[in-house]
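Beneath this line is the structure, given in structure tokens, with notes to follow.
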Amino acid sequence: MAVEEGEAVGMPSDFDLEEYIKINPDVKYQQVRKDLMDHGFYNQARLDTAKRAFITPDSVVVIVLEGTTPPTGSKLAKEARALAQANINADNDAFLKDSALVHKVFSTYVGFADSLWKGVDSLNSDEKTAIFEFNKQQTGVPSVKEDKEFLEKFVYDEDLMTQHYLLLGLLEGRAYRYCTQNDKKSTPISKFVPDTLGKAPIMLDYSAGHFCYDSKSDRKYLIQ
């Protein structure tokens, strides 16, 4: 989807969303991760909730909001966190049993190079953590079928993906298109001097330039 002239101020005239996403697939798939986190289908969110579980004197389990005081006489329900962890482990174990799904998440959603895929049994802890961010945690019996349907039917917001380049991609120095034979490729991004945004920058600002991606060298170059 190309951007029409005047559609977005500051957007390159040859910006094409499909090409931008092909080069930067995480821009698309981070919508999945955020949706899971926002709706409680995420490991850490469930653990955090369980951590705030208390049992009242009449044996009622209540979830105490952050910054509020537990009911008088209640006790921290340590069992709630242990149960939440056990359910999460069971759900993750079920997810890992579908090798084809895990492989797809590994290379497509997380963005690891497919050449690094050696099978489920070879995944390290960091790789598993990244993969589990795309596992739709069920509160009952684990369902890989539900996980697949969630990923396959997820509706992406194209406007958000387009806005990403203007709000973050440009600042981060992301390539928005592939380099062509007409690009000089004389200045790799490593030689481009970004704005430091002050003495103690939170991040470097590359928005003074636009960059293309050269797939042969796996490098980004300043478009001149």
Side-chain angles (χ1 to χ4, degrees), residues 1 16-53 61 63 77-165 168-169 172 174-176 178 213 215 218:
M1 183 186 72
D16 182 83
L17 180 58
E18 290 185 7
E19 190 167 2
Y20 181 59
I21 295 304
K22 189 174 183 180
I23 299 171
N24 305 279
D26 63 299
V27 173
K28 176 179 180 179
Y29 297 118
Q30 68 185 4
Q31 289 188 28
V32 177
R33 186 188 297 111
K34 186 175 186 304
D35 186 85
L36 290 173
M37 294 180 68
D38 289 349
H39 294 89
F41 298 112
Y42 189 65
N43 296 354
Q44 193 57 50
R46 293 179 67 188
L47 285 176
D48 289 344
T49 298
K51 193 175 181 179
R52 300 195 304 273
V61 177
I63 304 299
K78 296 181 180 179
E79 297 83 358
R81 185 175 179 84
L83 179 59
Q85 184 65 69
N87 289 338
I88 286 171
N89 291 343
D91 199 286
N92 285 340
D93 288 342
F95 192 83
L96 289 177
K97 289 180 180 179
D98 191 319
S99 179
L101 175 61
V102 176
H103 185 187
K104 182 176 182 179
V105 172
F106 177 91
S107 58
T108 302
Y109 289 80
V110 179
F112 289 128
D114 198 56
S115 59
L116 297 177
W117 174 256
K118 305 300 180 184
V120 173
D121 294 338
S122 298
L123 294 172
N124 61 41
S125 59
D126 290 338
E127 291 169 339
K128 286 183 179 180
T129 297
I131 287 170
F132 289 151
E133 290 183 351
F134 294 93
N135 176 17
K136 184 177 183 293
Q137 292 282 326
Q138 282 87 47
T139 55
V141 179
S143 172
V144 178
K145 179 182 178 181
E146 186 175 333
D147 296 328
K148 287 182 177 179
E149 291 179 347
F150 173 77
L151 294 175
E152 291 171 356
K153 297 179 180 180
F154 190 86
V155 179
Y156 296 94
D157 188 327
E158 290 192 349
D159 288 338
L160 282 180
M161 289 188 280
T162 300
Q163 291 170 16
H164 179 278
Y165 180 70
L168 284 174
E172 296 172 350
R174 293 201 182 219
Y176 74 86
Y178 288 102
Y213 174 67
S215 57
D218 192 26

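None of the values given here were measured: they were computed from a predicted structure. Positions are given from 1 along the sequence.
Side-chain contact between Tyr109 and Arg33: absent, with no pair of heavy atoms (C-beta onward) separated by less than 4.5 Å. Looking at heavy atoms from C-beta onward, Val105 lies out of side-chain contact with Tyr29 at the 4.5 angstrom threshold. Residues Glu158 and Leu17 meet the side-chain proximity criterion, which asks for heavy atoms closer than 4.5 Å. The shortest distance between side-chain heavy atoms of Asp114 and His103 falls below 4.5 Å. Using a 4.5 Å heavy-atom cutoff, the side chains of Phe150 and Asn135 are not in contact. Counting only heavy atoms from C-beta outward, the side chains of Asp98 and Lys148 approach each other to under 4.5 Å.
Asp121 CG: 12 or fewer foreign heavy atoms inside a 6.0 Å radius.
In this structure, Leu96 CG and Lys128 NZ are separated by 6.0 Å, a value rounded to the nearest 0.5 Å. Glu152 contributes atom CD, which lies 10.5 Å from atom CG of Asp147 (distance to the nearest 0.5 angstrom). The distance from atom CZ of Phe106 to atom CD1 of Ile131, rounded to the nearest 0.5 Å, is 6.5 Å. Interatomic distance, CG of Asp16 versus OG1 of Thr162, reported as 9.5 Å (0.5 Å rounding). In this structure, the separation between OH on Tyr156 and CE on Met161 is 8.0 Å, given to the nearest 0.5 Å. Residue Leu36 holds its CG atom at 7.5 Å from CZ of Phe154, rounded to the nearest 0.5 Å.
Just one residue in the list Arg174, His164, Lys28 forms a side chain to side chain donor-acceptor pair (under 3.5 Å) with Tyr20, and that residue is His164.
No donor-acceptor pair closer than 3.5 Å links the side chain of Glu146 to the backbone N or O of Lys136. No donor-acceptor pair closer than 3.5 Å links the side chain of Asn24 to the backbone N or O of Tyr176. Checking side-chain atoms of Asp157 against main-chain N and O of Asp159 turns up a donor-acceptor pair under 3.5 Å.
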